[in-house]
Amino acid sequence: MYRDIVDFALTTPAWLHTLAEVGTDAGLFVFAALFLLCWWRARNAPARDLAIAIAGPAGVVCAYVLSEIVKTFVREGRPCRDGIATIAACPPPDDWSFPSNHSVIAAGAAGTLVLAWRALAWAVLPLAVLMAFSRVFVGVHYPHDVAAGFLIGLALAPLFALLLVGAVTPMVRLARSRLSPQRAG
C-alpha cells in the first residue's frame, strides 16, 4: 500500500507536492491558532471550560512525549530509506518512523479541540486525517505508522487533557479570584 500511494503521489502535479509538504506543518500552526481561539472563547466561560481549553495543548504534548518514547523502543526505519523515490527528503537515520509524530499531534489536537469546542469537529477531524495521510503521500511514513500515531493522539491527548482538568480548574478559579474578586466561577 505504501508503494502504491508514493508511486501515485509522484504522478501528481508539483503544486500538490508542495502543498502536501508545506501543508502538514502549516496544519500544525492552524491547530495552534485554533487552540488560541478556543482559549479566547472560553476565557469568560465557567472555570472547567477554560481549564479544558488550557489543558488541551498539554494533553497533546503528553501524547507526543509518549509517542517519542515508543519510537525509541520500536526503532522502525523510515520507508524512504529503501531507495524509493519520494516527494519529501528522507529524515535523518536516527529519526524513527513508528509512530508518526505528525499524526499524533494532528489527531491529538483535533481530539482535544473537539473536547473543548465540539462545533469544530467538522473541520478539525478531516484536517487531522488529511495531515496524517500526507505523511504517507510525501513518502516519510508507512500507513501503519500514521494509523498508530493517529490512534495514540486521538485517544490519549483528550484523556491526558481530562486528567489535567482536575488540577487546572482550581488554578483558573484562583487566578480569577485574584484578578476579579467578584468573579471566581
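What you see below is based on every heavy atom in this structure, not just the backbone, and it leaves out hydrogens, waters and symmetry mates.
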Treating [X] as the side-chain partner and [Y] as the backbone partner, does any N or O pair qualify as donor plus acceptor under 3.5 Å?
| X | Y | answer |
| --- | --- | --- |
| R135 | H141 | no |
| Y2 | G139 | yes |
| H17 | T12 | yes |
| S177 | L174 | yes |

From [atom1] ([X]) to [atom2] ([Y]), nearest 0.5 Å:
| X | Y | atom1 | atom2 | result |
| --- | --- | --- | --- | --- |
| E21 | F137 | CD | CZ | 10.0 Å |
| Y142 | E76 | OH | CD | 6.0 Å |
| I87 | L19 | CD1 | CG | 10.5 Å |

Do [X] and [Y] come within less than 4.5 Å of each other through their side chains, counting heavy atoms only?
| X | Y | value |
| --- | --- | --- |
| N101 | K71 | yes |
| P79 | C90 | no |
| F31 | M131 | yes |
| L159 | L156 | yes |

Taking atom CZ of R81 as the centre, does the number of heavy atoms from other residues, nucleotides or ligands within less than 6.0 Å exceed 12?
yes

Show your reasoning for whether side-chain contact (heavy atoms from CB on, under 4.5 Å) applies to V129 and F150.
CA-CA 8 Å; V129 168; F150 200 89; 3.7 Å; yes

Should side-chain heavy atoms under 4.5 Å link Ile, Leu, Val, Met, Phe, Trp and Tyr, which residues sit in the same cluster as F98?
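Reading the cluster by chain and number, F98 sits alongside V70, V74.
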
Which atom pairs, donor and acceptor, lie under 3.5 Å between side-chain atoms of residues 103-114 and protein residues at least two apart or in another chain?
| from | atom 1 | to | atom 2 | distance (Å) |
| --- | --- | --- | --- | --- |
| S103 | OG | S100 | OG | 3.1 |
| T112 | OG1 | G108 | O | 2.9 |
| T112 | OG1 | A109 | O | 3.2 |

